[in-house]
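Submitted below is the structure of interest, expressed as structure tokens.
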Amino acid sequence: MDHDERVVPMRLQRYLARAGVASRRGSENLMTAGRVRVNGRVTTELGSKVDPLVDEVMVDGVLVQMANRPVYLVLNKPAGYLTTMKDPRGRPCVAQLVPRRRYPGLFPVGRLDRDTTGVLLFTTNGKAAQELLHPSKHVAKHYVALVDGTPSARDLERLARGIMLDDGPAQPAQAQVLGPSDALFCAVAPEGALDNTSVVGITLREGRKHQVKRMLAAVGHKVLRLHRDAFGPVTVGSCEEGSWRLLSEAETSELERIVGIESS
Ligand code: URA
């Protein structure tokens, strides 16, 4: 049980929102529409409070339990946002794009650079986050990069063998040059690749600082744009840039299986 859940009793609309039934406003609408019962009685009063440990809450006759499972969500990160929940200098940061009040304790799993776009996972489960980032778990992260020039077969082979970076050897990374017909091409080159540039797909199983940029630079190809399209089994799906979605049951179970956490 997290800190927030110990604060009982709580307002019914907050309880419903925490349980993932609807937003706080949406939950108020459900209440005023007479669709919510507490201990069998229709409750329309917006000031009503419930004790999550004691009261039985139903919406349209279906029992609602406040999530005691951790929350996992994915943000389709736009460029220009720092991966931090608070920036003392007031710069745009990802905290402004995720429902941090609805899910207290939410924080990002690892980092993307300010100019990198795409899949950024968030969770309230510190242990899962730590495990997902641990190199021993070998979680595959797939990136698409717009780079200067075109990597040769030899460059790709060097990446596949594992190159030396200034903070030690990088594990082997599979990379290939993508053509305009590849679905991921437009993630970094929506207007087509510019002269003397190309689009590269690359999979890493570790996550050191600026690692993709450093690896591609080490084989002579500066990264001009970078997008992460997958973190393990998770992609942005139908999320527009700047928006988020909760992970499905299947995605959550798969992540928890990867890190060895039993689903509750
Ligand atoms: N590698 C990078 O160089 N930057 C990122 O944001 C993520 C991976």
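For the single chain, residues carry numbers from 1 onward in sequence order. Ligands are counted one by one from 1 in listed order, and the atoms in each one are counted from 1 as well. Note: hydrogens, waters and symmetry copies are ignored here, and every other heavy atom, side chains too, is used.
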(Q) Suppose I only count heavy atoms of H210 and a 4.0 Å limit; which atoms of ligand 1 are within that range? (A)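 Under 4.0 Å from H210, ligand 1 has these atoms: 1 (N), 2 (C), 3 (O).
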Q. Hey, is K213 touching ligand 1 through its side chain, its backbone, both or neither, going by heavy atoms under 4.0 Å?
A.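 It is both backbone and side chain that touch ligand 1.
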Q. Less than 3.5 Å between some nitrogen or oxygen of R208 and one of ligand 1, yes or no?
A.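 No, there is no polar N/O contact under 3.5 Å.
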(Q) If I take atom CZ from residue R111 and atom CG from residue L133, how far apart are they, to the nearest 0.5 angstrom? (A)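 Those atoms lie 11.0 Å apart.
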Q. When you measure from atom 4 (N) of ligand 1 to every protein heavy atom, which one gives the shortest distance, and what is it?
A.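 Answer for atom 4 (N) of ligand 1: D113 OD2, 2.7 Å.
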Q.
One residue to check: L226. Relative to ligand 1, which of side chain, backbone, both or neither has a non-hydrogen atom less than 4.0 Å away?
A.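 Near ligand 1, L226 shows its side chain, while the N, CA, C and O stay back.
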(Q) To the closest 0.5 Å, what do you measure between CG (D148) and OG (S198)? (A)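 Nearest 0.5 Å value for the CG-OG distance: 8.5 Å.
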Q. Could you state the interatomic distance from CG (L12) to CD (E28), rounded to the nearest 0.5 Å?
A.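 Nearest 0.5 Å value for the CG-CD distance: 10.0 Å.
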Q.
Suppose I only count heavy atoms of Q211 and a 4.0 Å limit; which atoms of ligand 1 are within that range?
A.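 Near Q211, the atoms of ligand 1 are 1 (N), 2 (C), 3 (O).
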Q: Just grab all the salt bridge (charged side-chain N to carboxylate O under 4.0 Å, His left out) pairs involving residues 167-182, residues at least two apart or on different chains.
A: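 Found D167-R208, D167-R214.
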Q) Nearest 0.5 Å, what's the SG-CD distance between C186 and E191? A)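 These two atoms lie 10.0 Å from each other.
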Q | Atoms of ligand 1 close to T116 [distance to a heavy atom under 4.0 angstrom, numbered from 1] | A |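 The atoms of ligand 1 under 4.0 Å from a heavy atom of T116 are 4 (N), 5 (C), 6 (O).
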**Q.** Distance-only N or O hit between ligand 1 and R111, under 3.5 Å
**A.**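 The answer is no, given that R111 and ligand 1 share no N or O pair closer than 3.5 Å.
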Q: For E241, look at atom CD and say whether over 12 heavy atoms of other residues, nucleotides or ligands are found less than 6.0 Å away.
A: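 Yes, CD of E241 has more than 12 neighbouring heavy atoms, counting only those of other groups under 6.0 Å.
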**Q.** Point-to-point distance, once rounded to the nearest 0.5 Å, from CE of M215 to CD of E206
**A.**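 Reported to 0.5 Å precision, the distance equals 7.0 Å.
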Q | Nitrogen or oxygen atoms of V212 and ligand 1 under 3.5 Å apart | A |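 So ligand 1 has an N or O lying under 3.5 Å from an N or O of V212.
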Q: Applying salt bridge (charged side-chain N to carboxylate O under 4.0 Å, His left out), run through E157 and R154 and close with a yes or a no.
A: CA-CA 5 Å; E157 254 170 54; R154 190 167 168 273; over 6 Å; no
Q.
I want to know if ligand 1 touches R214 in the polar sense, i.e. an N/O pair below 3.5 angstrom.
A.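 In fact, backbone or side chain, R214 has no N or O that close.
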(Q) With respect to Y143, determine whether any N or O atom, backbone or side chain, lies less than 3.5 Å from an N or O atom of ligand 1. (A)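 Among all N and O atoms of Y143, none is under 3.5 Å from an N or O of ligand 1.
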